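Report on one structure; see the data block that follows.
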Amino acid sequence: MKRVRWGVISTADIAQTQVIPAILRSEHAELAAIASRSSKVKEVAKAFSIPYAYDSYEELLINPEIEAIYIPLPNHLHKKWVIEAAKAGKHILVEKPAALTAAEAEEMVAICQEKNVKFMEAFMYQFHPQHKRVQEIIASGEIGEIKFMRTGFSYLLENRKTNIRMNKEMGGGSIYDIGCYCIHAIRNLLGSEPVTIKAFAEIDPETQIDVSAVVHMKLENGITCVFDSSFEMSFRNEYEIVGTKGRIIVPNAYRPDVVGPDAVIHIGERSERIAGDSYKLQIDHFSKAIIEDFEPSYSINNTLQNMRIIDSCYQSIKSKRAVSLSS
């Protein structure tokens, strides 16, 4: 069986705890190289039996054996290294959010298209089958006409003085870090785009980043949605979709792996358990897109639209007004 040879740029925690193990679990992928400016790169390479370990990103990118690159660098570095990877002819999976602005993302994907390499933003949660099941239930009419969606993602951020999520220049902020999941879920589960956005935020006086945010959206199809993101609340990652006849509650929407092997969705008085390996399914999908030469199901245009909504949230926070978006 053909396997895509992957390289990882960074020894970030998300790479070591989630994505590298997922590459190793995938029958469509092979982990061939890792690069980091950290002194622990060789230690990490040894721990995961990675053949090549580099202390510069450039060295990894010129390795002709590497076909795909995973980039979990801090948000402000995504643009530079996506462009460099594309110029090197590598297919790219980059952590969310893809960039700091929609304009940055547009520049990145233009280079990827010019160099004919595949690009995907790493919203791994969407590959868990629980969300497809939610869409099937909605389509069946079981909960009636959809009227409202609420979603929230939060956790208590420790070590704020040293955490890059508190650094404005590096793309810190709760909307960038976790609110982006809520935006993505609203848009993709309901199949409609926001026409108005009103965002409220708790801004840290020292760093000027949003430590908490609450965002109200009205969609083109008339559905009202609200999401919240926070570094100041206990861990939760959930959504609720309310219809005229019932509702669906997904208590572990974005990180079901933290709770256990199965996800649970509640539909009125009944519940369904659905197994899935989000990170592996993401690697499988992107690797197969490379092997079989098809476009990933999570498209470039979808990424760009998610970034435009993030831009609008921050615009609303800054202006303290609702933002209207064109269709």
Side-chain angles (χ1 to χ4, degrees), residues 6 8 11-29 31 44 47-48 70 72 93 95-96 120-138 140 142-143 149-159 163 165 174 177-186 188-190 227-242 246-288 297-298:
W6 282 79
V8 176
T11 54
D13 183 68
I14 187 70
Q16 293 191 60
T17 60
Q18 303 298 335
V19 178
I20 287 176
I23 293 171
L24 296 175
R25 290 195 299 273
S26 174
E27 58 270 32
H28 304 289
L31 185 56
V44 173
F48 291 103
Y70 169 59
L93 177 68
E95 266 306 327
K96 40 51 59 183
M120 193 172 80
E121 185 180 18
F123 276 113
M124 80 297 170
Y125 91 94
Q126 67 188 306
F127 294 98
H128 195 289
Q130 67 175 332
H131 308 294
K132 182 179 180 182
R133 180 62 186 137
V134 166
Q135 290 179 306
E136 290 171 351
I137 294 166
I138 291 171
S140 75
E142 181 177 348
I143 66 168
M149 179 170 176
R150 169 194 62 81
T151 178
F153 201 166
S154 64
Y155 60 92
L156 186 61
L157 182 63
E158 308 284 0
N159 303 316
N163 198 301
R165 293 170 180 84
S174 72
D177 188 46
I178 46 181
C180 61
Y181 284 92
C182 302
I183 294 168
H184 186 277
I186 288 168
N188 287 280
L189 286 168
L190 301 182
F227 81 81
D228 68 89
S229 57
S230 181
F231 294 154
E232 298 188 314
M233 301 182 195
S234 61
F235 178 67
R236 43 190 269 285
N237 67 120
E238 61 196 22
Y239 63 73
E240 175 186 26
I241 299 173
V242 184
R247 61 178 178 158
I248 302 169
I249 298 174
V250 181
N252 297 293
Y254 308 118
R255 291 298 308 274
D257 57 292
V258 171
V259 178
D262 293 346
V264 179
I265 59 176
H266 305 293
I267 312 98
E269 298 301 314
R270 67 183 180 86
S271 298
E272 296 183 12
R273 302 187 73 87
I274 301 170
D277 185 342
S278 302
Y279 285 99
K280 177 183 178 293
L281 290 168
Q282 175 178 250
I283 294 297
D284 286 347
H285 178 76
F286 195 67
S287 296
K288 288 174 71 176
S297 59
Y298 181 44

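One-based numbering along the sequence shown. Please read these numbers as outputs of a predicted model, since none were measured by experiment.
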Do any N or O atoms from the side chain of Gln135 and from the backbone of Asn188 form a donor-acceptor pair under 3.5 angstrom? yes
Applying salt bridge (charged side-chain N to carboxylate O under 4.0 Å, His left out) to Arg255 and not counting sequence neighbours gives Asp257
**Q.** Gln130 side chain to Asn252 backbone, donor-acceptor under 3.5 Å
**A.** yes
Rounding to 0.5 Å, atoms CG (Leu31) and CD1 (Ile23) come to a distance of 5.0 Å
The ring pair (Phe, Tyr, Trp, His ring centres under 6.0 Å) partners of His128 (sequence neighbours excluded) come to none
The reported gap from CZ in Phe123 to CD1 in Ile183 (rounded to nearest 0.5 angstrom) is 8.0 Å
Heavy-atom closest pair (Pro21 atom, Phe48 atom, distance to 0.1 Å) is CG-CE2, 4.3 Å
- Criterion side chain to side chain contact (heavy atoms under 4.5 Å, CB included) on Arg247 and Ile143, from CA distance to verdict: CA-CA 6 Å; Arg247 61 178 178 158; Ile143 66 168; 5.7 Å; no
Exercise. Please determine if Lys96 and Glu121 form a salt bridge, counting it only when a charged side-chain N lies under 4.0 Å from a carboxylate O.
Key: no
Which of Tyr125, Phe231, Tyr181 passes ring-ring contact (aromatic ring centres under 6.0 Å, His included) with Phe153? Answer is Tyr181
CE (Met124) and NZ (Lys280) are apart, to the nearest 0.5 Å, by 15.5 Å
Any side-chain heavy-atom pair from Asp277 and Asp284 closer than 4.5 angstrom? no
- [ ] Examine the side chains of Ser229 and Ser174 and answer whether a donor and an acceptor come within less than 3.5 Å of each other.
- [x] yes
Scanning both residues in full, the closest heavy-atom pair of Phe127 with Ser278 reads CB-O, 4.2 Å
Q.
Could you check whether any side-chain heavy atom of Ile137 comes within less than 4.5 Å of a side-chain heavy atom of Ile265, counting everything from C-beta outward?
A. yes
Taken to the nearest 0.5 Å, the spacing of Ile178 CD1 from Ser230 OG works out to 7.0 Å
Using atom types as modelled and distance alone, determine if a side-chain donor or acceptor of Ser154 lies under 3.5 Å from a backbone N or O of Ser234. yes
Can we call the ring centroids of Tyr254 and His184 under 6.0 Å apart? no
Worksheet item: Is the closest side-chain heavy-atom distance between Ile14 and Tyr70 below 4.5 Å?
Response: yes
Residues at least two apart in sequence or cross-chain that pass ring pair (Phe, Tyr, Trp, His ring centres under 6.0 Å) with His28, listed by chain then number, are none
Does Glu238 use its side chain to pair, donor to acceptor, with the backbone of Ile249 at less than 3.5 Å? no
Rounded to the nearest 0.5 angstrom, the OG1-CZ distance for Thr151 and Arg236 is 8.0 Å
Between Lys288 and Glu27 (salt bridge meaning N to carboxylate O under 4.0 Å), is one present in this structure? no
Measuring only between side-chain heavy atoms, which start at C-beta, is Val134 closer than 4.5 Å to Tyr239?
yes
* Do Leu281 and Pro129 come within less than 4.5 Å of each other through their side chains, counting heavy atoms only? -> yes
Rounding to 0.5 Å, atoms CG (Asp228) and SG (Cys182) come to a distance of 6.5 Å
Are the side chains of Leu156 and Phe235 in contact, using a 4.5 Å heavy-atom criterion? no
